[in-house]
Each structure stands twice: as C-alpha cells, then as structure tokens.
Amino acid sequence: QVRVAESGGGLVQAGGSLSLSCTASGRSFGAYAMAWFRQAPGKERDFVAAIDWSGHTTSYIGSVKGRFTVSRGSADNTVYLQMNTLRPEDAAGYYCATGVGVAASDQTKDYNYWGQGTQVTVAS
C-alpha cells in the first residue's frame, strides 16, 4: 500500500521560514516525479512546486519563485519544500503528491498518490 505523509507545517510570522518534508512508502519513488500543491479554504488546490525523477529539473508557480525551493532527499522517497519570506497569502494546507510520471508536472491529474496535508499559517 502506497502512503504519502507530510510534516513540518505550523504558524510563522510573515517574512519567516518553514521547511516541509514528505516521505512516501510502499514502493520505490526514485524513478518518479514528486510535487507540492496547496489549498486554502474555499479555493481550488493549486500547484506550488515539483521536481523530476532525477532531482535536476524543478518547476514552480510564479508567486513562489525565488522564495521556495523543492529538493529531493538522499533517500529516493523523500522530498522537501523550503519556504522563505512567507506571506499571508501563502497560508494553506500543503499537500505532497507523486505518481507514475517522471517529469515535474504542474497538473494534479499527473499524480496518483497524495498525502493528508500539513497546515501552514502565516501571521501578518
């Protein structure tokens, strides 16, 4: 059974930083892309960042470029999201996802396995 679990959310002041972690289990994820999405109350789930199977190619939504960094851990089944200079509009539930594709896609349809999410709150 495939499981995806996020951790690292919390409350931070605007301008602060948080680091999210995601660990997947139940199969080898080293050959597949992994991604982060976020969803605020009453809004759709939006793409944040993705990293391809090799870890060499990343993709970001425009509003987080230069502030967020997605990376893969030394273990193939781990991905991180370093979030700096956080803004109130970054507050949301953050979800990790993976699937059977290798490219750093920004489409939810390309990811089959999702975590339960971790909450990020940014105080202004």
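If you're wondering where the values come from, they're calculated on a predicted model, not measured in any experiment. Atoms considered below: every heavy atom in the structure, side chains included; atoms not considered: hydrogens, waters and symmetry mates.
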Please report the interatomic distance [atom1]([X]) to [atom2]([Y]), rounded to the nearest 0.5 Å.
{"X": "Phe68", "Y": "Leu81", "atom1": "CZ", "atom2": "CG", "value": "6.0 Å"}
{"X": "Ser63", "Y": "Glu89", "atom1": "OG", "atom2": "CD", "value": "8.0 Å"}
{"X": "Met83", "Y": "Leu18", "atom1": "CE", "atom2": "CG", "value": "4.5 Å"}
{"X": "Arg72", "Y": "His56", "atom1": "CZ", "atom2": "NE2", "value": "10.5 Å"}

Will you find, in the side chains of Asp106 and Ser59, an N or O donor that is under 3.5 Å from an N or O acceptor? no

Polar side-chain atom of [X] near backbone of [Y] as donor-acceptor pair, under 3.5 Å:
{"X": "Tyr60", "Y": "Val70", "result": "yes"}
{"X": "Asp52", "Y": "Thr57", "result": "yes"}
{"X": "Tyr111", "Y": "Ser105", "result": "yes"}

Do you know the tightest heavy-atom contact between [X] and [Y]?
{"X": "Thr85", "Y": "Asp90", "value": "O-OD2, 4.4 Å"}
{"X": "Cys22", "Y": "Val4", "value": "SG-CG1, 3.5 Å"}
{"X": "Met34", "Y": "Thr98", "value": "CG-OG1, 3.7 Å"}

I'd like to check Glu6 versus Ser21 (side-chain heavy atoms, cut-off strictly below 4.5 Å). Are they in contact? no

Are Trp36 and Tyr80 grouped together when hydrophobic residues (ILVMFWY) are joined by side-chain heavy atoms under 4.5 angstrom apart?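 No, Trp36 and Tyr80 fall in different hydrophobic clusters.
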
Test side chain to side chain contact (heavy atoms under 4.5 Å, CB included) applied to Val79 and Cys96, step by step: CA-CA 9 Å; Val79 66; Cys96 179; 3.8 Å; yes

Among Thr108, Ile61, Asp46, which residue satisfies the side-chain contact (heavy atoms from CB on, under 4.5 Å) criterion with Phe37? Thr108

Against the six-membered ring of Tyr95, is Arg45 placed for a cation-pi contact (under 6.0 Å from the centre, within 45° of the normal)?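 Cation-pi check for Arg45 and Tyr95: passes.
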
What pairs of donor and acceptor atoms, side-chain ones from residues 116-124 against any protein atom, are under 3.5 angstrom apart with sequence neighbours left out?
unit_1: Thr118; atom_1: OG1; unit_2: Gly9; atom_2: N; d: 3.1
unit_1: Gln119; atom_1: NE2; unit_2: Ala92; atom_2: O; d: 3.4

